[in-house]
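So the structure is just underneath, and the comments pick up after that.
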Amino acid sequence: METGLEKYLASNRISFLRLTGIKKFLFVNVFHGQTKLVLMELKLPVIGVAPVDVKRRIRSVKSITIKSELGTPASEEKITGFIREQELNEVFAFAGINEFRSKIVSIPKDDEEIDIWFLENSSKILPQTDSDDNFVYSYEQINEDEDNRFFLVTIARKDHVNSIIETFDKINNCTLLNISPFPLSFAGLKEIDKSDSDYLYIQFNPDSAFYTLFTQKKQLYTGEQFYESSGSGIDIGSDAAEQKYEKVFREVSENIKIDSGNLLSEGLVTFAAYNDTENESIRKAFSRSGIPGSFNKNIEPAVSFNLPYVLHLQKLFEKNDSLINLIPQGQDEENRSLIEKNITNRILIACGGILIALLLLLYVSENYLNGKIAQGEDALLEVQGKLKNVERIENENQKLAQNLIELTSLKNDRSAFAYLLKSLSSAVSNESFLIGVNVSGNRRNIIEFDIDGVAFNETEMADIIKRLEDMDKFDAISLEFANVVERKELKANNANIPASVVKFKINGSYDTD
C-alpha cells in the first residue's frame with residue numbers, strides 16, 4: 001500500500017525540466033562558514049522524479065562538505081574539482097540558503113495582479129533599513145481558501161544572494177537555476193495528508209538543526225538550534241547521541257512554544273532529514289522528547305537523508321515557473337534560454353535521427369524492389385506497391401523537413417519578443433513603470449508595438465522616449481498621448497508613487513536583426 005509521501009513523489013506529469021533530459025543535478029547547501037555539495041541522479045528523469053521505489057529511481061551520487069565560506073578561492077576551487085572529478089560536462093545547480101526570513105502573506109482572491117500587489121507593498125514586506133536595495137524577496141503560493149490566497153515569502157540579504165551568483169559565474173560549464181531555502185521545500189508535504197494538521201520539519205545539519213512549523217492556521221515559524229558541541233567523540237547509537245538529539249527536540253519544542261504562544265498539537269506530523277546512520281538514535285530521541293503526533297511516517301532512513309533534495313526536485317519538476325527563486329529575473333531568463341536551447345537541440349537530434357532512419361529505409365526499399373524486378377514479370381505488381389510506399393515516405397520526409405523549418409522560425413520569433421521586452425524594461429527607471437505592451441504588427445525583421453505606462457512626471461516620460469530613441473534597435477518612436485491622472489485612478493496605494501502621475505502611450509518599431 002502506497003503512503004501519502006509515495007503517492008506525492010510518484011507524479012508522472014511531464015514538465016519543462018523533464019523535457020531537457022537532465023539526469024544529474026548539483027545541490028549546493030550554503031551554511032554559515034561551510035558549504036555542502038550533493039550530486040543527485042535521476043535514473044528515469046522523463047517519467048518521474050521519485051516513484052514508489054525511491055531508492056531505485058533516485059540516488060545521491062556523492063556529497064562533500066567544504067569547510068570554507070562560499071565565494072572564497074578555496075571554495076571555488078573545491079567546487080570546480082568536485083565537478084571535474086564527477087566528469088560532468090554540463091552542470092545545472094540549485095543553491096539552498098539557511099540565512100533568510102520567511103512569512104506567510106494572504107491576498108484576497110479578487111486581487112488578480114499578484115506581482116503588482118507585491119510591488120506596491122514591498123516596503124511592508126522588506127525589513128526597514130536605510131536603503132531599499134539591501135534585501136531581495138521571492139514568493140510562491142502554498143494554499144488558498146474561499147476568500148484568500150496564501151503566499152510564502154522569503155527574504156534574503158542581496159549581498160548574500162549576489163555572492164552565490166558571482167561564485168557560480170566563475171565556474172565553467174555550470175548554470176545556477178535556482179536560489180531558495182531548501183528547508184522550506186517541505187511545504188509540499190502539505191499535499192501528502194489532506195487532513196488539517198500542523199507540520200514540523202527538522203533538518204539535522206553538522207552543527208545545528210533547522211526547523212520550520214507550518215500550522216493549519218497558515219502560520220509559519222522557523223529557527224535554528226545549535227548543538228552544544230559538534231558531536232565529535234560521540235558514538236553513533238550511544239546514549240550520549242540520543243541525549244543530544246533529545247535535547248534538540250525539546251529545545252525546538254520550547255522555542256516554538258515561546259514564538260507561537262501555543263503547545264504543539266496532538267495531530268502534529270513531524271518530518272526529519274538526517275543521515276541514515278543516525279536513524280535509531282533520532283527516532284528514540286523523538287519518542288522520549290514528549291513531542292506529540294507522528295514522526296517520519298513510513299519514510300525509510302535512506303530517503304530521509306535526501307528528503308530536502310527529493311522534495312525540492314519534485315517542486316521544480318512540477319511548477320518551476322511559480323516557485324521561490326531569488327535569482328534576478330533577467331539572469332533567470334538567460335538561464336532559462338540555455339535550457340530551451342538544450343530542449344531544441346534534443347528535438348533537432350531526434351528529428352535528424354528520424355530523417356536518417358527514413359533515408360536508410362528508402363535505400364533498403366530501393367534495393368529490395370530492384371531485386372524483385374529482376375525476378376520477373378510476376379513480381380511487377382508487388383514492386384509497384386512498394387514504390388507507392390516509397391513515394392509516401394518521401395512526402396512524409398518533406399513534411400518533416402518543413403516542420404523543422406517552422407520550428408526554427410518559431411524559436412527565432414520567441415527570442416525576438418523576449419529581447420524586445422528586455423530592451424523596453426531597460427528604458428524604464430525607478431520613477432516609471434509599464435502597464436502593458438501590445439504588438440500591433442510583425443513583418444519581416446520589424447516588430448511594431450505600442451506600450452502603455454505611467455511616469456511620475458513629464459520629464460521622466462520624455463526621458464523614456466529619449467532612451468528608446470538612443471537604442472539602435474528602435475525606430476519611429478512617437479508619443480500617442482500623455483494624460484495627468486490621479487494616483488487613485490491607478491488603484492495604487494504605494495506611498496512612493498506621487499499623488500498625480502502621467503499616464504502615456506508610446507508607439508514605435510523594433511528591428512529584430
Exercise for the section: Kindly write out the residues that satisfy side-chain hydrogen bond (donor to acceptor under 3.5 Å, both in side chains) with E120, not counting sequence neighbours, or none if the list is empty. Expected result: none
Exercise for the section: Working to the nearest 0.5 Å, report the span between CD1 of I256 and CG of D198. Expected result: 9.5 Å
Fill in the blank from the handout: Those residues at least two apart in sequence (or on a different chain) that pass side-chain hydrogen bond (donor to acceptor under 3.5 Å, both in side chains) with S106 are none
Problem - Residues forming a salt bridge (charged side-chain N to carboxylate O under 4.0 Å, His left out) with E246, sequence neighbours excluded - result: R250, R288
Practice task
Please say whether more than 12 non-hydrogen atoms of neighbouring residues, nucleotides or ligands are located less than 6.0 Å from NZ in K503.
Solution key: no
Handout entry: Any residue meeting side-chain contact (heavy atoms from CB on, under 4.5 Å) with S426, in chain and number order, not counting sequence neighbours
Key = M471
Practice task
Applying salt bridge (charged side-chain N to carboxylate O under 4.0 Å, His left out), name anything that partners K257, two or more places apart in sequence or on another chain.
Solution key: none
Fill in the blank from the handout: Interatomic distance, CD@E166 vs CG@D159, rounded to 0.5 Å, equals 10.0 Å
Practice task
Only counting residues at least two apart or in another chain, list the ones meeting side-chain hydrogen bond (donor to acceptor under 3.5 Å, both in side chains) with E76.
Solution key: none
Problem - For F249, ring-ring contact (aromatic ring centres under 6.0 Å, His included) partners two or more places apart - result: F204, F286
Handout entry: ring-ring contact (aromatic ring centres under 6.0 Å, His included) partners of Y137, counting only residues at least two apart
Key = none
Completion exercise
Contacts of R149 meeting salt bridge (charged side-chain N to carboxylate O under 4.0 Å, His left out) (sequence neighbours excluded), chain-then-number -> none
Practice task
Consider only side-chain N and O atoms of N255 and Q225, and report whether a donor and an acceptor are under 3.5 Å apart.
Solution key: yes
Practice task
Could you please spell out the steps behind the salt bridge (charged side-chain N to carboxylate O under 4.0 Å, His left out) verdict for R467 and E460?
Solution key: CA-CA 10 Å; R467 294 186 197 111; E460 174 57 21; 3.4 Å; yes
Exercise for the section: Could you pull out all residues at least two apart from V161 that satisfy side-chain contact (heavy atoms from CB on, under 4.5 Å)? Expected result: V136, A156, I165, I179, L326
Exercise for the section: Take E144 and K109, measure what salt bridge (charged side-chain N to carboxylate O under 4.0 Å, His left out) needs, and give me the verdict at the end. Expected result: CA-CA 9 Å; E144 64 179 28; K109 275 191 172 181; 3.7 Å; yes
Handout entry: Contacts of type side-chain hydrogen bond (donor to acceptor under 3.5 Å, both in side chains), residue N438, not counting sequence neighbours
Key = D450
Exercise for the section: Could you list the residues that satisfy salt bridge (charged side-chain N to carboxylate O under 4.0 Å, His left out) with D147, not counting sequence neighbours? Expected result: none
Practice task
Verify the ring-centre separation between Y201 and F271: is it less than 6.0 angstrom?
Solution key: no
Practice task
Verify the neighbour count for atom CG of N430: are there more than 12 heavy atoms of other residues, nucleotides or ligands below 6.0 Å?
Solution key: no
